[in-house]
Amino acid sequence: MGLKYTKIKGTRDILPEEYSLWRELLERAFKILRSYGYNFIVTPTFERTELFIRSIGDTTDIVEKEMYTFTDRGGRSLTLRPEGTAPVVRAYLENHLIPPQKLAYFMNMFRAERPQKGRFREFWHLGVEFIGVRDPSADAEVVELAYRLVHEFGVKEIKLEINSIGTVEDRKRYREVLLDYLRARKDELCEDCRRRMERNPLRVLDCKIDGPKLLDAPLLTDYLSQASKSYFEDVLEYLRRWGVPFEVNKRLVRGLDYYTETAFEIKSGALGAQDSVGGGGRYDGLVEELGGPPTPAVGFALGFDRVLIASGLQGYREPLDYFIAYLGDEAREKGFEVLQALRKRGKRAEISHEKKSLKSQMKLADRLGARYALIIGDEELARGVVKVRDMETGEEKFLKPSELP
RNA sequence: GUGAGCGUAGCUCAACUGGCAGAGCAUCGGACUGUGGAUCCGAGGGUUGGGGGUUCAAGUCCCCUCGCUCACCCCA
């Protein structure tokens, strides 16, 4: 309170207790991703603004309102990455990686939105991009992997929704049909939807107000080509066979042009209005869009911050193996000696750097969660031992430093 | 960008229709100068988010502003 320097709106500090949870969940994730053949990649925090404009397209709202864009000293327009797919594909092309590639990442992202529950201006994505393969089994594997991770993270009330959005051509045809339908009902639509209609008609169907009223609206599913339909059926068949519970949501869409075929989203009832913990799908158009050869790809991103909220898991403080307490200068020196030896053995050990009363030192030992307190005084010095106090039972015994457990 | 709710000690919250800013927890110290977690005693810690106004008097009423939270918009 009254502090001059506080964190920027929409950012947050990850304190030690929460970080312990990050580490725990990330370790589980690394293990799983490794087993699926993924390799990790990290790209720069900022890129040319052009990269994102090209990948996101002409959705001006996003470009103008939601991105952190600035001009550097050379006059170039740069943008803090709002998502991971375009940078990873850029890195894939720029470094001449050979398909197929399974790339995973854990990186922070930036979007200039008003914060709300589970939505921050700086947030973390755990994602994967499987580049160079087009087969229903690849889509299904990516979906299954996302589901498995979310499950492994302990996210509560998981719901996996999936749909096919076909090809760009399929969507173009459908868009016209849907627009005709919506225009005919313009008067019944809410204010937002009337505005939304011309710019992004597919979104009108998941409007909280109008969506439920438009039950007889034409569905994208019915306008897919035969090839897309059977591709989707094959994806679902794999999921069934692998025991992944899903729900087909025929209104699930993606806004950008480079998306194709499979689209999915994982939601959790443990979140607020922003109830998606992650999503993904196939994007066969993007690699070419960014200047590479036509290359199929599929991937997903999980919102790590939301995963944490939806898992309900609490962090914990890392306990100490030993705390060394001493009485007098000579004992202090001996204490540091023992401390070094313990640390060399990989033990988590601490000492009171400031000379304080034994009582204060014991208090510190307790607060730091020490398993054992080692007490060194004149008596111990003379006998070449330390007094080992079990902080749980209060039991004490004398041991030579080399005999410590 | 829009809307609503909330800002009092480090944390959780009190303070009747305007009348001396408090408690619990936490922190530090002492009771116990070689022993933590329990108990008892004590201490520190606040421009009541900030600014302005009304009033003899403002945490309380009015205006402005900042911050937080949630929702809308948007959602790559």
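Chain A is the first sequence line, chain B the second, and so forth, proteins listed ahead of strands; every chain is numbered from 1.
- Ion pair E395(A)/R389(A) not flagged as a salt bridge, since none of the NZ, NE, NH1 or NH2 atoms sits closer than 4.0 Å to an Asp/Glu carboxylate oxygen.
- Side-chain to base pairing of E396(A) with rU35(B): one donor and one acceptor N or O lie within less than 3.5 Å of each other.
- Closest to the E66(A) side chain, of the nucleotides rG34(B), rC74(B), rG36(B), is rC74(B).
- When the P atom is used for both rA21(B) and rU35(B), the distance is 43 Å, rounded to whole Å.
- At the heavy-atom level, S360(A) lies under 4.0 Å from the strands shown only through sugar-phosphate atoms.
- Counting any heavy atom pair closer than 4.0 Å across all strands shown, A273(A) reaches sugar-phosphate atoms only and no base atom.
- Salt-bridge annotation for K172(A) and E169(A): absent, with no side-chain N of the basic residue lying under 4.0 Å from a carboxylate O of the acidic one.
- R371(A) has a carboxylate O that lies under 4.0 Å from a charged side-chain N of D390(A), or vice versa, which qualifies the two as a salt bridge.
- Across all strands, Y326(A) comes closer than 4.0 Å to no nucleic acid atom at all (heavy-atom distances).
- Among the nucleotides rC73(B), rU35(B), rA76(B), the one closest to any side-chain atom of R196(A) is rC73(B).
- In this structure, Q361(A) places its CD atom 11 Å from P of rG34(B), rounding to the nearest Å.
- Between F30(A) and F40(A), the distance separating the two ring centers is shorter than 6.0 angstrom.
- Remark: the E380(A) side chain and the rG34(B) base include a donor-acceptor N/O pair separated by less than 3.5 Å.
- Of the two residues contacting RNA chain B, namely K356(A) and I376(A), the nearest-nucleotide position lying further toward the 5' end is that of K356(A).
- With rounding to whole Å, K359(A) atom NZ is found 12 Å from rG34(B) atom P.
- Taking 4.0 Å as the cut-off between side-chain N and carboxylate O, E66(A) and R111(A) do not count as a salt-bridged pair.
- Using a 4.0 Å heavy-atom cutoff across all strands shown, E379(A) reaches at least one base atom of the nucleic acid.
- Residue K363(A) places its side chain closer to rG36(B) than to any other of rG36(B), rA76(B), rC74(B).
- Going from atom CG of D192(A) over to atom C1' of rC72(B) covers 7 Å, rounded to whole Å.
- No N or O donor and acceptor, one from the side chain of R367(A) and one from the base of rG36(B), sit under 3.5 Å apart.
- Between the NZ atom of K7(A) and the C1' atom of rU69(B) there is a distance of 12 Å, given to the nearest Å.
- Counting only Watson-Crick and G-U wobble pairs whose two key distances fall under 3.5 Å, RNA chain B forms stems of three or more stacked pairs at B:1-7 with B:66-72, B:10-13 with B:22-25, B:27-31 with B:39-43, B:49-53 with B:61-65.
- Comparing G272(A) and G10(A) against RNA chain B, the residue whose closest nucleotide sits nearer the 5' end is G10(A).
- Residue G84(A) is classed as having no contact, given no heavy-atom separation below 4.0 Å to the nucleic acid.
- Nucleotide rC66(B) holds its P atom 15 Å from the CD1 atom of I8(A), rounded to whole Å.
- Taking atom CZ of residue R194(A) and atom P of nucleotide rC73(B), one finds them 15 Å apart after rounding to whole Å.
- Residue E265(A) is out of contact with every strand shown, counting any heavy-atom pair closer than 4.0 Å.
- OP1 or OP2 of rC73(B) has not a single side-chain nitrogen or oxygen of K65(A) nearer than 4.0 Å.
- Cation-pi geometry between K347(A) and Y322(A) is not met at under 6.0 angstrom from the ring centre and within 45 degrees of the axis.
- E47(A) pairs in a salt bridge (charged side-chain N to carboxylate O under 4.0 Å, His left out) with only one of the listed residues (R76(A), R81(A), R90(A)), which is R90(A).
- A salt bridge does not link R185(A) to D210(A): none of the charged side-chain nitrogens sits closer than 4.0 Å to a carboxylate oxygen.
- Closest to the side chain of L256(A), from the set rA76(B), rG37(B), rC72(B), is rA76(B).
- Comment: R195(A) does not engage E191(A) in a salt bridge, judged by the lack of any side-chain N to carboxylate O separation of less than 4.0 angstrom.
- For the pair R34(A) and Y38(A), the cation-pi criterion (under 6.0 Å, within 45° of the ring axis) is not fulfilled.
- The stretch residues 99-133 of chain A comes close to RNA chain B through R111(A), E113(A), R114(A), Q116(A), K117(A), R119(A), each having a heavy atom under 4.0 Å from the strand.
- Checked against the 6.0 Å centroid threshold, H353(A) and F336(A) count as a close aromatic pair.
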